[in-house]
Asks: 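One structure coming up, written as C-alpha cells, with questions to follow.
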Amino acid sequence: MTETTNRSILVVGGGISGLSAAIEAAEAGCQVYLVEKEAYLGGRVARMNKYFPKLCPPNCGLEINFRRIKNNPRVRFFTMAEVVKVSGSPGDFDVTIRVSPRYINEKCTACGKCEEAATSTFPNPFNYGIDLVKSVYLPADFCFPLRYVLNPTIIGTEEAEKIKAACPYNAVDLSMTPKEFDLKVSAIVWATGWRPYYAEKILYYGFGKNPDVITNVMMERYASPDGPTRGQIVRPSDGKPVEKVAFIQCAGSRDENHLPYCSGICCLASLKQATYVLDQNPEARVFIYYIDIRALGRYEDFFVKVQSDPRVTLIKGKAGEIQRLSSGKSVVQAEDQINGIITKEEFDLVVLATGMVPSTVDGELPVAVARDSNGFLLDSDGTGIIAAGCVKQPVDVATSVQDATAAALRALQFTVRR
Amino acid sequence: MEPKYVSREMRDYIIEMGAETITWCMQCGLCTALCPWRLVPGETSEKFNIRRMLRLGQMGMEGFEDETVLFACSTCGMCVKNCPRGVKIIDNVRAMRASIVGGGGVPANLRPILGSAHANGNPWAGPREKRTVWQEGLDVPRFSPDTEYFLFVCCHSCYDPRSTKIAKSIVKLLKASGISFGVIGEEESCCGESMRKLGDEELFQKLAQSNIELFNKKGVKKIITTSPHCYWVFTEEYPTLGGEWEVIHYTQLLVKLLEEGKLKFSKEISKRKIAYHDPCYLGRHSDIYDEPRNLLASIPGVELIELDRCRDLSLCCAGGGGRIWAEVPMGERFGELRIVDAAEKNAQMLTTACPYCMNMLTDACKSLNKQESLEITELSEVLAEALE
C-alpha cells in the first residue's frame, strides 16, 4: 500500500494532542494519517476519570472526537502502529509505518466469546497493572476502535486455537504478521505524549513495596467507573474503602535526583483527586503535602475551593519516608512548616503525585528533532516536523488541545508552501 | 513575640566558612523529614530541625548556635543524597559549626577531644608513643619506599581496646594474602575527618598537613584505610590540600584479593545468620555497598540478612559528625533501632565495616541487653576467623 499526495500530513500519537491535530487538519481539507502505538485512540486522557477544574468525565469529549474521525473520510488512522523510518524533506517526506498484528480483524463485534475461552491472564496495561486481563481482551470498556486484542505471547499455544474456535464471526486471525507500508506526506505532527515518572525510583516512598502507596495515574483508574474497582477508591492491600488519604506533591518532581522540572499539572490533579475521595466518602479526610501549590491562572479558584473544605488539610513540607505499620496503615512523616511542628500521620492510602516524562526521553527517534536535556522535543521551525502537546512540555488537556490546533496550522502550511 | 534580626554579615561569614550552597535551598523540608532524628523521641529530636537550621544560616539569624541544635547532625548524608536541589547540607552544617567553634565556642564535652587531637594527634587521649601498642607480638611490617601499600589504621583502632581487634584482624588478612604493606607508626596523625565536621577547621588543616607531609616524605603511593571515615577524607578532601594517593578501603582490596585467589575464606565460623549494617561513610558517602556483602557471602555457611533500612536508605549508627563523643540518653540512640531490627530478623551477629559503627552498635546492644543473642563485630574480625 503506497499513498501518494503532497497535500497530506502524518500525525504520530493518537492521544488528545494527536487526535486534535488530526481532526483540525482534516476539517481544514487536508488528508491526514494518524498513527497510534496502542490498540486504541485517546491515549492517557482515555484513562482519566475527570478533568479539572470542571470535574466532567473525558469520555464525552473523546466521543465527539471519535465521531469527527469516523465521519471524516480525510482521516485514516492506524492503531498498534509505529513510525519506523522518515526520509525526505519538509513538504515531501517518505514515511515507513509498521503495524503490529492485533490477531483480531474488523469482523470483531466485541461480543466477548473469545475472552470466555481464554485462560491465561496478564497485568492490565490500561489500568497500570492494578488488575489482570485475559490473553484476549478489550483494551477498555469504551475503547475506540471497539475491538478485541490478542496477547502475542500466546501465539502458537492451544489456548490461542481455543480462542479462535470460540469466535462466532471468524474474527480471530492467528496468521497475522507485522506489516509495513510507506506514506508520502508534507509534514509530520509529533504528538507521542508522556508517561508517568517511575515512582519506584523514589526509594524512600516505598512504591512497589508498600501496596497502599499508589501513583496519581493509578488513582484515576481506581476512581473511574470503568476502572479495576468500578470506581471504588479502596486500599489496594485489602480492598477496604479509604477514610484517610495522603497526596504527596512533587514525588520525584522539581528534584535534581529525579525530574528537575515541575510538571505543572500535579497540584491540580491532586486537588481534583481529593474531591474524588470526599465525594465517595463525605466522612473521609485528605492531607496534601506540598512544597508550593502551583495552580496557575483561573485554576487558583479551584485551589481555593478545595483548600477551604475543612476535610482537606494542606501541609507545607515535602514528605519524607513512608513507613508501613503492622496495622496496615502507612505513616507519612513531614514537617508542617506553617506551624513549625514535625507531623506523623497514619493513612489508608498514599497517592504520589508523580510528574510527566516525555515519551521521547530515551532511545533513537525516527525523526531528526532536537531534544532538551529532559527529553522534551524542542521547537523545530522549518523542519516540517512539529511537536505538539506533552512531548514538548508538560501541560494539561486544555493546553494540549490548543497546542495541537496550532501544530495543525503549521503542518497545513507545509502542504501548500511548495 | 521578640523580633528576629537578619544579619547579612553573619550569613556571609557562614558562606565564607564553606556553606557555599546554603542559598540553593528552597526550603522544601525533605531533609528534615528524612533525618534519622525523626525515628527517635527526645529533646534533641524535638529541637533539631535541619531545614530550620539551614534557614537560620541562610539569613544569618540567631538560634542555630544552641549546642543541641548545632552539634546534633551525625552527617549520615541521607538528606544530602536526596536533596532536590543538591544542597551540600553537611558542608553547610560544618561551616555553621566552624563559625561558632572558630570563635572559641567549643562545647565543653568536646574540648578534651579536640585538645587531645591537637596535642597527641588523636582524639582518644592516647599518647602519641602508644599509637603502635596494638601491634605488639604481631610483627607488623614497617612502611618503606619499596612497600606497595601504606596501611593507615584509624586512631580508634589504635587506642580503643575493643577496636584494636579490627587493626589486628586486617593485618592478619593482609599477611595471609601475601601483599606488600606496612605501617608508618607513631608519626601518623588522626585523619581529621570528624574534627573538621565538628567545625575545628584549624585543627583539621594542621592534622591534614602533618599527614600529607609525612606520607609524601615516606614515599606513599597507595593507602589502605581501615575506616570509611579516613577513606572518605583521603579521597574527598585531602586531594585539594595536596594529598593525592591511590586510596582503597580494606573491603575493596580484600574483594580484589579474593577474586585473584590470594585470599580464601574456607573455614566455617561460629555464627551463621549475619546481618550487615552499611556505614554511612562507606555506603552513601562512598557508594561501596557490594564489596562487604560479597566478602560475607564468600564465607561457607553464612546467611546474609538485610536490615529493613539498607544500602542507600541505611540508618546511621549515630557515630559520625563528632556524635561518637555525644552523650545520648537510652531510647534516643539510632543504634538501638539497628539492634532491634537485627534481633527481629533472628540475626546471630550484626557486622559492619567501620570502627565507629562497631562502637555505637556495641553500646546499643549492651543498653538493650542483647549481648547474649546478638554479637556485634567488624567485618575484618569475621573474615579473619574464616581464614584457614
Side-chain angles (χ1 to χ4, degrees), chain A residues 197 200-210 246 248-263 267 287 289-294 314-326 331-345 350 352-355, chain B residues 1 4 21 24-56 63 69 76-89 278 283-284 289 306 308-316 337 340-341 344:
Chain A
Y197 184 66
E200 58 272 22
K201 288 190 181 175
I202 318 160
L203 296 176
Y204 45 88
Y205 290 151
F207 177 80
K209 287 182 180 154
N210 181 341
I248 295 185
Q249 300 311 113
C250 298
S253 293
R254 300 175 67 191
D255 187 334
E256 284 179 7
N257 305 302
H258 302 282
L259 302 179
Y261 51 90
C262 167
S263 284
C267 285
F287 283 64
Y289 296 87
Y290 67 97
I291 306 176
D292 310 284
I293 293 289
R294 291 187 166 171
L314 284 129
I315 294 188
K316 178 168 169 58
K318 188 169 164 115
E321 72 169 15
I322 301 171
Q323 242 186 312
R324 192 176 172 80
L325 303 178
S326 51
V331 179
V332 175
Q333 181 170 282
E335 184 195 4
D336 173 350
Q337 292 181 23
I338 304 288
N339 296 304
I341 50 170
I342 305 292
T343 62
K344 282 186 189 187
E345 292 282 341
V350 181
L352 304 180
T354 51
Chain B
M1 219 172 171
K4 300 228 180 228
T21 64
W24 297 1
C25 172
M26 64 171 166
Q27 296 284 302
C28 73
L30 184 65
C31 48
T32 291
L34 286 177
C35 178
W37 278 109
R38 299 292 84 75
L39 303 174
V40 293
E43 191 201 348
T44 309
S45 174
E46 280 162 25
K47 273 188 161 176
F48 176 61
N49 174 340
I50 183 66
R51 193 271 315 154
R52 187 167 179 276
M53 180 173 150
L54 291 179
R55 185 70 180 136
L56 294 172
V69 174
C76 76
M78 187 67 179
C79 57
V80 179
K81 189 98 180 175
N82 293 295
C83 175
R85 284 280 174 92
V87 178
K88 293 173 181 155
I89 299 168
D278 286 285
R284 260 192 303 273
Y289 296 108
E306 290 290 0
D308 277 346
R309 300 168 195 275
C310 63
R311 304 182 74 96
D312 307 62
L313 298 178
S314 178
L315 170 62
C316 176
L337 301 175
V340 170
D341 190 4
E344 277 175 4

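Just so we're clear, the structure is a prediction, and the values are computed from it rather than from any experiment. Just so we're on the same page: letters track the sequence lines, and every chain starts at 1.
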Asks: In chain order, what residues pass the ring-ring contact (aromatic ring centres under 6.0 Å, His included) check against A/Y197, with sequence neighbours excluded?
Replies: A/H258
Asks: Under 4.5 Å, heavy atom to heavy atom, which residues of residues 41-51 of chain B contact chain A?
Replies: B/N49, B/R51
Asks: Does the A/K344 side chain pair with the main chain of B/R38, one donor and one acceptor, at a distance under 3.5 Å?
Replies: yes
Asks: Can you name the side chain to side chain donor-acceptor pair (under 3.5 Å) partners of B/T21, sequence neighbours left out?
Replies: B/N92
Asks: Do you know which of B/D312, B/N82, B/D308 has the most heavy-atom pairs with chain A at a distance under 4.5 angstrom?
Replies: B/N82
Asks: Would you mind checking if A/E321 and B/R309 are paired as a salt bridge, meaning a charged N to carboxylate O distance below 4.0 Å?
Replies: yes
Asks: So, does A/Q333 use its side chain to make a donor-acceptor pair with the main chain of B/A33 at under 3.5 Å?
Replies: yes
Asks: Could you tell me whether A/R254 atom CZ has more than 12 heavy atoms of other residues or ligands within 6.0 Å of it?
Replies: yes
Asks: Examine whether an atom of B/L30 lies under 4.5 Å from a heavy atom of chain A, and if so say whether it belongs to the side chain, the backbone or both; otherwise answer neither.
Replies: both
Asks: Within the side chain of B/Q27, is there an N or O that forms a donor-acceptor pair under 3.5 Å with the backbone of A/G317?
Replies: no
Asks: Heavy atoms only, distances under 4.5 angstrom: which of A/I291, A/V332, A/N257 has the most pairs with chain B? Name it, please.
Replies: A/N257
Asks: Report the residues that fulfil ring-ring contact (aromatic ring centres under 6.0 Å, His included) with A/Y290, sequence neighbours left out, ordered by chain and then residue number.
Replies: none
Asks: Is B/C83 close to chain A through its backbone or its side chain, or both, or neither, when contacts mean heavy atoms under 4.5 Å?
Replies: backbone
Asks: How about B/K88: does its NZ atom have over 12 heavy atoms from other parts shown lying under 6.0 Å from it?
Replies: no
Asks: Taking side chain as everything from C-beta outward and backbone as N, CA, C, O, which of these in A/L203 sits under 4.5 Å from a heavy atom of chain B? Side chain, backbone, both or neither.
Replies: both
